[in-house]
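Written below as structure tokens is the structure these notes are about.
For this chain, numbers begin at 1 and follow the sequence in order.
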Amino acid sequence: MAKNWAIAIGINQYNNLQHLNYAKLDAQAMGDWFKRDAKFNEMFLFTEDSPPIPTNPSIPTQPTYGNLRRFLRVNFETPLLEAGDNLWFFFAGHGCREGDRDYLMLIDSDPGDVEHTAISVDYVTQRLRRSGADNIVLFLDACRDEGSRRGVGIGEEHQGVVTFYSCSPSQKSYEIEQLQHGSFTQALLEGLRIAGEGNCATVERLDRYLQARVPAINQLHRKTSQNPYVSAEPATKLHLILLPDYATLNDINQLKIDAFQAEVKQDWELARQLWLRVNVAARGSDMQVIEAFIRIANKQGVSSPSPIPESVTSPRGERSGSPELPVFKFDVVTVNNKGQEVKREPRQAEYFTEDLGNGVILEMVSIPSGKFLMGSPQGEGDDDEKPQHQVTVESFFMGKYPVTQAQWKRVAALPKVNRDLEANPSKFKGDNRPVEEVSWYDAVEFCSRLSKYTNKQYRLPSEAEWEYACRAGTTTPFHFGETITTELANYNGNFTYASESKGKKRGETTEVGIFLPNGFGLYDMHGNLWEWCQDDWHSTYKGAPTDGSAWFDDNTQLYQKRGKAVLRGGSWDNYPKNCRSASRNSNYWAVRDDFNTYIGFRVVCAFGRILR
């Protein structure tokens, strides 16, 4: 189990600087949180009257230059912690910048001789990194005087650590008399104590909380703007899980994606660190960690000693594996022309998730590369589905479900890229129902905002990608087989396709994921809602691309496209024949700026496979 250590420093009484009022209380409150709430293994408190550390000989804890420098030098000379352990450092007091370096001002620091009487943040991080822990987090509520916490401003990137700064270098960091805390520390304690939905378990979420909460506290107490921010080196540390007890499955999966990416880049040390973090968050129960360490060792040509840390073992002590993303398991059924189940087989698919906040996630399923016959054969479908032709499709990720109303609300609240989005456009309300009444332009804006938020490339699928993903290796009219039933999909069950019995006409959308998926693990590919594709509408496949790309008549920018786009999949009000894998919508609904209760969409991620 990972060990957690913390150092908390708070200075009110300065020999050569303006006294502060609540820095000591800040450090004591953080110390209480470390010991009682987070149950850290060790917590070292430094204030002007804190008791000595009970060693032999005892270690004085008054934060003078000599005491603190000696503590950092002596106690972190040799590693006491291990990779995967955590070391947090909190400082409340004056800070300044001198000679392009950040300094923490101690009880006896001389503002006229900063370099020789104050401790640089670089020195702090250098000593803390010698501890052996690879997860070092600094919280610097510094730059304070005369009721504010101000100086010439500290704030730079420090190699190998995560640093939370209480304000931008040009701003003041305030103390709030009514709270008897600095506004940054007050917000920090609030954020760390949030449990359940909306918790601040990761660096990224805690940063977002502080960015919103600190200015709100200042505004409430009539202080000027104070904007905290985080500096993380490397950038993957933004996904560092600070509070494993509150971590979600999505938090762990994001770390796995970062670890896989580090492997792709052959950054083996970073990959090892990230997989260790996965192991800590998963409490040693994730087999992929063991597989990863074997894989990394093989890539580096390491055979002895064992490359797998002793703490990284499965519950059964197993060590094996091949590179893969997280997987989910499901059943796939095949029916005959009467709609009777003739085969059921277990499948699994790789995926990753995006955390959209407030407990809303977007699940993206890995679609493998391959070839397929696009369109319908003779005797099936309409002329616009012909000629049937072979298409080669590269791997990509596709939404497990159509975009839901909950997902839409979260992304619609993100900053505008090209056009405004209505927060709740759907007629058939429900967070888990697919969003409808969205135009093609709305769907493209959704992808643009999501891309900016995640720093990945999200877009609508090409028509070829959509059909390839829908078929999932099948050649029958439906991925379920010769027909479908209303037990398998949501469409107008008053009509039949083959020899099955009539079914239900629900007359509205259904929640995503209530029917069985196809062989790739995608849900609701038949019925529920028509789904937008990127392509311009073409009445036949003559001259269509064969590489899976979207088919455009010209190179007009996506937001300037006019006329019809392509809709796929059928809807809750359609005949079953309109829900076939090859079926295409060619009526007036396909005009790009139209929207109604029959139309939604799902997204793809041009992310490629994490590992090949």
Would you mind checking if [Y] and [X] are paired as a salt bridge, meaning a charged N to carboxylate O distance below 4.0 Å?
X	Y	value
E437	K427	no
R277	D258	no
D536	R592	yes
R602	E531	yes
E482	K338	no

Aromatic contact, [X] with [Y] (centres under 6.0 Å):
X	Y	value
F446	W532	no
Y351	F328	yes
Y523	F515	no
Y491	W572	no

Passes ring pair (Phe, Tyr, Trp, His ring centres under 6.0 Å), W268 versus F293? Steps please.
-> CA-CA 10 Å; W268 308 120; F293 273 94; over 10 Å; no
With respect to D355, which candidate in R205, E204, Q254 satisfies the side chain to side chain contact (heavy atoms under 4.5 Å, CB included) definition?
->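 Passing option: R205.
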In chain order, what residues pass the side-chain contact (heavy atoms from CB on, under 4.5 Å) check against E500, with sequence neighbours excluded?
->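 Only T483, T485, T496, Y497, A498 meet the side-chain contact (heavy atoms from CB on, under 4.5 Å) criterion with E500.
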Residues that E511 engages under salt bridge (Lys or Arg N to Asp or Glu O under 4.0 Å), provided they are two or more places apart = none
Quick one: do E341 and K343 satisfy salt bridge (charged side-chain N to carboxylate O under 4.0 Å, His left out)? Show the steps, please.
-> CA-CA 6 Å; E341 183 178 323; K343 184 168 67 172; over 6 Å; no
